[in-house]
Every structure is written in structure tokens, then in C-alpha cells.
Protein chains: 2
Amino acid sequence: MDVRQLRYFLAIAKEGQITRAAKTLNIEQPPLSRQLKLIEEELGVTLFDRNGKRMTLTEAGTVLQAKAEAIVRQLNETVTEIKEIDQGIQGMLSIGSVFSCVSLLPEKIAFFRERYPRVTFKILEGDHVVLGEYLEDRSIELVVTRLPFESNYDISNYESLRLPSDPFVIVVPKKRNWRQTESSFLLKDLATTPLIALKSDKTIQLNEKIVNECRRLGFEPNIICECSSVSITIALVIAGIGVTILPKSVLSAFSVADIELFDLPDITVQSDVGIIWLKNRYLTKKAQRFIELFESTKENY
Amino acid sequence: MDVRQLRYFLAIAKEGQITRAAKTLNIEQPPLSRQLKLIEEELGVTLFDRNGKRMTLTEAGTVLQAKAEAIVRQLNETVTEIKEIDQGIQGMLSIGSVFSCVSLLPEKIAFFRERYPRVTFKILEGDHVVLGEYLEDRSIELVVTRLPFESNYDISNYESLRLPSDPFVIVVPKKRNWRQTESSFLLKDLATTPLIALKSDKTIQLNEKIVNECRRLGFEPNIICECSSVSITIALVIAGIGVTILPKSVLSAFSVADIELFDLPDITVQSDVGIIWLKNRYLTKKAQRFIELFESTKENY
DNA sequence: TTTCGATGGATGTCAGACAGCTACGTTATT
DNA sequence: AATAACGTAGCTGTCTGACATCCATCGAAA
């Protein structure tokens, strides 16, 4: 029995079919069929019930699946950890981010690569659910995101580093006469102003915070449009349809000449931002260092 | 990287020498040397410092040793557990015992084999330290022993099932005129009687309990002899040198015609007995069932 | 309902890779 | 100088994976 066989078994368990599993393993179906038979003979158990074309795990197969996953994971992490001892901080660091936090990364990555020039980066963007899956299958090690992190897995699976929050600003078209002699607005003075809200199925937190703040100040916001895309939201503002309120960092990705940003000093809430990683998994040294970089510079916001 | 290579690495780490490690693995030195080289190349680290004939672990080697041991153990336990699912309760159950508890085993083994006739037994006797080592290296799964269990490892490593305690009795020669019209003695009436104490370097608990009980009753026992062997102790009693006080079960291994046993109703302490096993290791089903047998019958003492 | 084609698992045969063995050379220790 | 131990080279046998083939099942079409 060796770990290669456990990997073969797990692939079949995952796919429920030998031929497809063989493809994911980049081998042909007959040797995979044979290896499964050898495993079953060695252990003296039947691991799959064969229902025509479908293979379902027996009780023994189910027990083995859990154990095999743990063993394979442990071996992978051991190899990674041992390699890192001598080779130092290098290799590809894979990070996930929600769109609205991507803007936090360029500056940090530039700084990190001055310190660790042999580290390369892969950035995957997605919503919380997708990023949660990427973390689980180790496509990525870290997520930079709005908090709380709402994936398909319990929040206790994660460790997090809370970053300095992101102030909200109002986005107005540049060509309108929006009190351009002042550097800030009061939210309560916008009670009747048409608002465009950034809101999608998966990310309603931002909008809720703004609505609740308006209610706290004693009025209902005049939301005339809900939009799931930042760039479309900004285009609507430029077109004069209305204004919008967004976290300041979101806008740093947009160097659009036709908008202006103003602070909202009467908003007390801010947008929570943080780094998320899996609690009980080996974290490569480069990932640890990247987290430390955010940690050591978070007073500088 | 596979588990066979981890086993090879661990053997070298344990022996500190390739040739000797190869012998324990039943292969020759050159392939083992090559496999170590392949492992070092795959991981990109040096695992051993070569000091002439001696190989000592590097930092990376030390880290890998701990991880490799865990992985190999986990795989072994997984294979054992999966095999047990279909093949049921069979195979050899290895039990350790201190000498004074060996007498507890025959009856239970006989009963167990009626229920599970395909289980065979291996009994290893030793003191607490030796039995602790046997548990660690999996030579045995269970220990039947006096409590508390005093091995080289912390007590928190173990689970235990406490058994009904063992009353102390006084052992006297049959041919002496020892109030043979009564069925019991009072300990306090033996204040001046010569006592033979069962005591060795490793098992002083029994003796201490008796001494403390005498003190509680207001006198110092008249110990004239300390002896580490039960059979010698009994021979001294038969020869009329003195009497001794032992847990009742110890005597069930001796059907000697020349001694008599009497209860000691004024002794409030008894000898604690239990079954010990390792907490964080897989326990085979036959071991679990054997424990349950003691558990289900302990009301019948 | 029956037939046919597609899909997928199991078995057989063969080639190449790899693990282990023997022989030998080198280095370190006694 | 002799012995012990590690490393390298060459050889052999076993095992793994690929290709070919057969059998069983399923789904679609007639």
C-alpha cells in the first residue's frame, strides 16, 4: 500500500467512475482498474459497489476515503514544508480576492517582491463562495476580502488578519455643480438625491451598511438603481443618472477623469477588510511573510 | 515521494548508519544509499550531516523524521482498520500485564475465545516501564496492571478502565496455631508479628499502602524482610519466618497447600487494578471487545 | 419491444522504468 | 595495514502503464 494507490482510490471515489478518474490522473483506464483491484485484494475488502456504470463507496470505502485524504494531504504538506527549509522564500504565491479588494494588492506585491524577488504571484478573483472552494482545494492560500467572509464553509475553519477599514466616499460626476468649493458632503444632505446602489446576490453587505446609516441619520435613501458591477455603476454616475457611495479603495482601480470623490464625515461605519486563510493547513513561508507584510504596515494606512 | 521511501529514511535516522539500516529493512546498502539520495534530490535538502562514519540529522532531517513517523503510523493504522471492517474480529491480541495481575487473565481469555474463537493471544509480562515501551512500539495494545500506571511516559497518554479493586488478605502458614477458629484477622492485632513485605524498585505501591494503613491504626509494622518475588515471599511464610499481606488475586496463581488466607476487615484501602491503553492510537476491534468484556463483567466481582 | 451504438469496466500481453543485487572503488577509522 | 562503511556502475527481475480486446450495461432510435 502506498500513497500513489491512495491517490488513485481517491480519484475514483471523487469521479464515481474509473475512466474519468484515469483522465484526471493522466493514465489509462486499464491500469487504474487493475490498481483498484490490487488495493481491494490487499485490504481484503470491497471498496465500491458497482451499479452498472456507477460506482458508489461501500462502508469500508467511505472510511478509507476520509483516512486517505488526511494521509495524502499530510504527505503533500510535509514535502512542501521540507522543501522550504533550504530553498527559502520562493515559488508562486496564490492569492484570491474579491473585485473590490484587488486594488489593495499591487502596492503590497511590489513591496514584497523587493524583499523576496524569487516569489511570483497568481491572483484569482471571485466571490466568497468561489474563493472558499479555491482555499479548500489549495488553488490559493490566502484571500483578501471584505469581512465577514461568507463561503460554503464554517467561519471557524479560517484564520484572519483584520486590516484597517476602508472609508466610504461619495462618487459624483465632475461636470455637475456639486458644491465644488467643499471637500466633503454630509450624508444627511443627500436625502433626496438619486442613489445608485452597488448590490448583487452575493455581496449585499456594502449596500446594507449604507442604508442602515441613512436610517440612523433619520431618512430613507432614494435608491433609484441597483447594479452589480462597479464599472457600470460609475458609468451611470458619469451619465448623470445619480451618485453612488463606495469604499474608497474600490475607486483606486479607476482613474476616470469624469468623477470626483468626496468624504462623508457623518458616516460612522466603514467597510471591513481582511486576509483569510485556512486554520488547520500548512501555510507556506511566503504566505506567512505576505501576511506579516500586511500586519507590519497596517498602521501606515 | 512514497511511504516506502519514508520508511527507508526513518530506518537510517534510527540507526544513524546506512548499512545497519539496510539490514533492518532486509535490503542491501547500495540501493538504500541511492534511495536516500533520490529523496534528498526530490526534496532539495540535505537530510543527514555525514561525519565520517556517522550520520546525524540536519534540521530538515529532524522535521521530516517527526512528520514521516506520523504519516507511516497513520497509514499502518488505516490499513489495519480497513481490513477489520470485513474480516471481523480475528487475529492476535497482544496484552501486557504485571505479574501480580496475570491471574486476572485466564478466565477472561477463556470467556472471550468462546465468543471470538478466531482471536489468539500473546501475553507479555513486565514491569510498568517495560510495558510502557511495549505500548509505544505497538508490541502490545493493552496492559492489565496495578494503578496508577508508572511508565516513562505521561499518564495523559493513556486511557484506562478501572476494575473492581482487589482486597488485601493476610497469608499465614497452615501449620501454625493462628486462631484457626476465626475467618479473619484484624490488622491492628498484628502489631508485633513479623511481616514480610513485597517490595521492589519498581513496584513499591503495595507496600506503601499497607504501611500507611498500619500507621492509620496507630502502629509501625514489624517488617523483618523485603522481598521482590511473590513466590519467595510465600516460601518464607511457609517456612515460618513471618506472615505477609497481599492482594487476594495474586494468590490465585498459587495453589500451595501450606498457606492459609484470612480477610483483614479493618483495612480500608484496596489494591487498584485496571486496563491501560494508548489514547491517540487506533485500537483494533478485538482489543475494544476485550475491554468491553471486562467492563460488562466488572459488576460480577 | 427490440436492436444497435456508445460507454465503461475487466482482462491479457508487451515494453520500459525502476528497485534491488553484486562487484568494486574510495574514504575514514582503528 | 586491516576493517568498516559509503558511493558508483552494471545487470537482472518485477512492476507499472499502454494498447488491444472482450463483456456488460445503458440509452436512443426504429
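Hydrogens, waters and symmetry mates play no part in the numbers below; they use all other heavy atoms, side chains included. Every chain is numbered from 1 and lettered A, B, ... according to where its sequence line falls, protein lines coming before strand lines. A quick note: this is a predicted structure, and the numbers were derived from the prediction, not measured.
- Taking the six-membered ring where tryptophan is involved, the planes of B:Phe294 and B:Phe290 are perpendicular, since the angle between them exceeds 60° and thus also 30°.
- A straight line from CG of B:Asp49 to C1' of D:dC6 spans 16 Å, rounded to a whole angstrom.
- Rounded to an integer number of Å, the gap from B:Ile39 CD1 to C:dC18 C1' is 15 Å.
- Side chains of B:Tyr134 and B:Ser94: no donor on one and acceptor on the other come within 3.5 Å.
- Straight-line distance from the NZ atom of B:Lys23 to the P atom of C:dG20: 16 Å, rounded to whole Å.
- Contact annotation: A:Thr19 side-chain N/O to C:dG9 OP1/OP2 distance is under 4.0 Å.
- Atoms OH (A:Tyr8) and P (D:dC15) sit 16 Å apart, rounded to a whole Å.
- At the phosphate of D:dC6, neither OP1 nor OP2 sits under 4.0 Å from any side-chain N or O atom of B:Arg20.
- The two residues B:Arg118 and B:Ile89 have their closest heavy-atom pair at CB-O, 4.1 Å.
- Rounded to a whole Å, the CD1 atom of B:Ile18 is 15 Å from the P atom of C:dA28.
- No side-chain donor-acceptor contact under 3.5 Å links A:Lys83 to the backbone of B:Gly44.
- The side chain of B:Lys37 contributes no N or O atom lying less than 4.0 Å from OP1 or OP2 of D:dC6.
- Of the residues in residues 24-36 of chain B, those lying under 4.0 Å from DNA chain D by heavy-atom distance are B:Gln29, B:Pro30, B:Ser33, B:Arg34.
- In this structure, B:Phe9 and B:Phe48 have tilted ring planes: the angle between them lies in the 30° to 60° band.
- Here the shortest heavy-atom pairing between A:Ile276 and A:Ser160 reads CD1-CB, 3.6 Å.
- Atom CD of A:Gln17 is separated from atom P of D:dT25 by 16 Å (rounded to the nearest Å).
- Side chains of A:Thr284 and A:Glu141: a donor on one and an acceptor on the other come within 3.5 Å.
- Residue contacts for A:Phe48: at a heavy-atom cut-off of 4.0 Å it reaches no nucleic acid atom on any strand shown.
- Of the candidate nucleotides D:dC6, C:dG9, C:dA19, C:dG9 has the atom nearest to the side chain of A:Met55.
- Ion pair A:Glu292/A:Arg289 flagged as a salt bridge, since at least one NZ, NE, NH1 or NH2 atom sits closer than 4.0 Å to an Asp/Glu carboxylate oxygen.
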Hey, can you pull the donor-acceptor pairs under 3.5 Å for the side chains in residues 68-79 of chain A, sequence neighbours left out?
from, atom 1, to, atom 2, distance (Å)
A:Asn76, OD1, A:Arg7, NH2, 2.9
A:Asn76, ND2, A:Val72, O, 3.4
A:Glu77, OE2, A:Tyr282, N, 3.4
A:Thr78, OG1, A:Gln74, O, 2.8

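- The terminal axes of the helix from C:dT1-D:dA30 to C:dT30-D:dA1, fitted over 5 pairs per end, subtend an angle of 30° to the nearest 10°.
- A straight line from CG of B:Leu38 to C1' of C:dC18 spans 10 Å, rounded to a whole angstrom.
- Rounding to whole angstrom units, CZ of residue A:Arg4 and P of C:dC18 are separated by 12 Å.
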